[in-house]
Engineer: 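What follows is a structure written as structure tokens; I'll ask about it next.
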Amino acid sequence: MKPNKTRVLILSGLMLAVIASGTAFANTWPGSDSSKLVNSAYGSWASYITQTSEPTVPGGSTLTWDNSFKNLYGGTYYPTLVTYDQNMQNEQDTAINAALTYGQRYPTSASEYFTGSRAAASSSGWHCMYVSHYYGVTIGDTAIPTTGPQFVEQSYNVR
């Protein structure tokens, strides 16, 4: 029996799509990190990242996770996503160009999130990074930290 070329192409495409989607999400932590600016001195922080398992990733690959920010204080403030390596060094700030007034969330829809990202370490073995949210009166300003805990540890393995 001669194989049907159309079926072979469709099945091949489906197999590639499954493989690609597994790869795309392998470096993503489930859950989200969120913060709310509650006064001019600090914001409250909550991590809903579920570390039921640690992703195993290639060295130097990009790690991703969901974030949301909300202004419950008043005035206009800009959020910044801040990450550190496992030695609390190599700070990387991601300034978000979103002027949040009282009650505003970023992203605006409760079902959407801002994707944070950071390159994984290059050496094999267990690693972690620390994530936090800050707020400021200008884009990229990190004058207002979050509390309780100020940073969350997100761990992973490099193969």
Side-chain angles (χ1 to χ4, degrees), residues 20-159:
S21 68
T23 304
F25 297 107
N27 301 354
T28 301
W29 282 284
S32 65
D33 289 329
S34 65
S35 62
K36 296 173 183 175
L37 181 63
V38 292
N39 69 36
S40 62
Y42 69 92
S44 65
W45 164 268
S47 180
Y48 302 101
I49 295 292
T50 51
Q51 284 274 196
T52 53
S53 64
E54 296 170 344
T56 299
V57 302
S61 61
T62 301
L63 301 162
T64 61
W65 67 98
D66 292 336
N67 298 269
S68 65
F69 307 84
K70 190 167 185 179
N71 180 359
L72 292 179
Y73 174 60
T76 301
Y77 294 92
Y78 293 85
T80 299
L81 173 66
V82 179
T83 63
Y84 295 89
D85 67 12
Q86 66 191 35
N87 299 314
M88 289 297 289
Q89 296 175 348
N90 301 311
E91 178 178 342
Q92 292 178 5
D93 296 354
T94 305
I96 299 168
N97 188 5
L100 301 180
T101 57
Y102 178 77
Q104 283 189 309
R105 178 189 189 273
Y106 183 82
T108 55
S109 169
S111 62
E112 294 178 358
Y113 294 91
F114 173 77
T115 301
S117 65
R118 186 175 173 108
S122 56
S123 61
S124 63
W126 180 90
H127 296 276
C128 71
M129 67 174 175
Y130 294 93
V131 179
S132 192
H133 293 175
Y134 285 77
Y135 292 85
V137 294
T138 59
I139 297 171
D141 180 5
T142 57
I144 305 172
T146 53
T147 61
Q150 190 168 351
F151 300 96
V152 64
E153 177 184 292
Q154 293 173 194
S155 56
Y156 61 97
N157 292 291
V158 172
R159 58 175 167 252

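For this chain, numbers begin at 1 and follow the sequence in order.
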Engineer: Locate the shortest heavy-atom distance separating K70 from G103; write the atom from each residue and the value.
Structural biologist: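 It is CE-O, 3.5 Å.
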Engineer: Of the non-hydrogen atoms in S61 and N27, which two are nearest, and what is the gap between them?
Structural biologist: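 Closest approach of S61 to N27, heavy atoms only: OG-ND2, 3.4 Å.
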Engineer: Nearest 0.5 Å, what's the CE-CG distance between M129 and L63?
Structural biologist: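 That separation rounds to 5.0 Å.
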Engineer: Within the structure provided, determine whether M88 and F151 are in side-chain contact (heavy-atom separation under 4.5 Å).
Structural biologist: yes
Engineer: Could I get the full list of side chain to side chain contact (heavy atoms under 4.5 Å, CB included) partners for T108, not counting sequence neighbours?
Structural biologist: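 Not a single residue meets the side chain to side chain contact (heavy atoms under 4.5 Å, CB included) criterion with T108.
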Engineer: List the residues meeting side chain to side chain contact (heavy atoms under 4.5 Å, CB included) with A99, not counting sequence neighbours, and say none if there are none.
Structural biologist: T76, Y78
Engineer: Can you name the nearest heavy-atom pair linking P145 to A41, along with the distance?
Structural biologist: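 Of all heavy-atom pairs spanning P145 and A41, the closest is CD-O, 3.7 Å.
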Engineer: What I want to check is whether the side chains of T146 and S35 have a donor and an acceptor closer together than 3.5 Å.
Structural biologist: no
Engineer: Y156: which residues meet the ring pair (Phe, Tyr, Trp, His ring centres under 6.0 Å) condition with it, sequence neighbours left out?
Structural biologist: H127
Engineer: Looking only at side chains, do N157 and E54 share a donor and an acceptor under 3.5 Å apart?
Structural biologist: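 A donor-acceptor contact under 3.5 Å links the two side chains.
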Engineer: Please report the shortest heavy-atom distance between S122 and V158, naming the atom on each side.
Structural biologist: O-CG1, 4.0 Å
Engineer: Would you say the side chain of Y135 lies within less than 4.5 Å of the side chain of Y42, judging by non-hydrogen atoms?
Structural biologist: no
Engineer: Is any side-chain heavy atom of H133 less than 4.5 Å from a side-chain heavy atom of L81?
Structural biologist: yes
Engineer: Check the orientation of F114 and Y106. Use parallel for under 30°, tilted for 30 to 60°, and perpendicular for over 60°.
Structural biologist: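 Ring orientation of F114 relative to Y106: tilted.
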Engineer: Kindly write out the residues that satisfy side chain to side chain contact (heavy atoms under 4.5 Å, CB included) with S68, not counting sequence neighbours, or none if the list is empty.
Structural biologist: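 Checked S68 against side chain to side chain contact (heavy atoms under 4.5 Å, CB included); matches are S34, R105, Y113.
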Engineer: D66 versus T115: any side-chain heavy-atom pair under 4.5 Å?
Structural biologist: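 The answer is yes; the side chains approach within 4.5 Å.
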Engineer: Compare all side-chain heavy atoms of W65 with those of V131 and state whether any distance is below 4.5 angstrom.
Structural biologist: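 The answer is yes; the side chains approach within 4.5 Å.
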Engineer: Locate the shortest heavy-atom distance separating S40 from Y77; write the atom from each residue and the value.
Structural biologist: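 Closest approach of S40 to Y77, heavy atoms only: CB-OH, 4.4 Å.
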Engineer: Using side chain to side chain contact (heavy atoms under 4.5 Å, CB included) as the criterion, list what pairs up with S124, not counting sequence neighbours.
Structural biologist: none
Engineer: Distance-only criterion, 3.5 Å: show the donor-acceptor pairs between side-chain atoms of residues 89-96 and protein atoms not counting sequence neighbours.
Structural biologist:
residue : atom : partner : partner atom : Å
N90     : ND2  : D85     : OD2          : 2.5
E91     : OE1  : Y84     : OH           : 3.1

Engineer: Any side-chain heavy-atom pair from I49 and D33 closer than 4.5 angstrom?
Structural biologist: yes
Engineer: Could you check if a side-chain atom of N39 sits within less than 4.5 angstrom of a side-chain atom of Y73, using non-hydrogen atoms only?
Structural biologist: yes
Engineer: If you apply the rule side chain to side chain donor-acceptor pair (under 3.5 Å), what do you find for T28 with T64, and how did you get there?
Structural biologist: CA-CA 5 Å; T28 301; T64 61; 2.7 Å; yes
Engineer: Specify the closest pair of heavy atoms between P58 and A120, including all atoms of both residues, with the distance to one decimal.
Structural biologist: O-CB, 4.3 Å
Engineer: Distance alone, cut at 3.5 Å: any donor-acceptor contact between the side chains of R159 and T56?
Structural biologist: no
Engineer: Within the structure provided, determine whether S32 and N67 are in side-chain contact (heavy-atom separation under 4.5 Å).
Structural biologist: no
Engineer: Is the side chain of W45 donor-acceptor paired with the backbone N or O of Y134 at a distance under 3.5 Å, no angle test?
Structural biologist: no
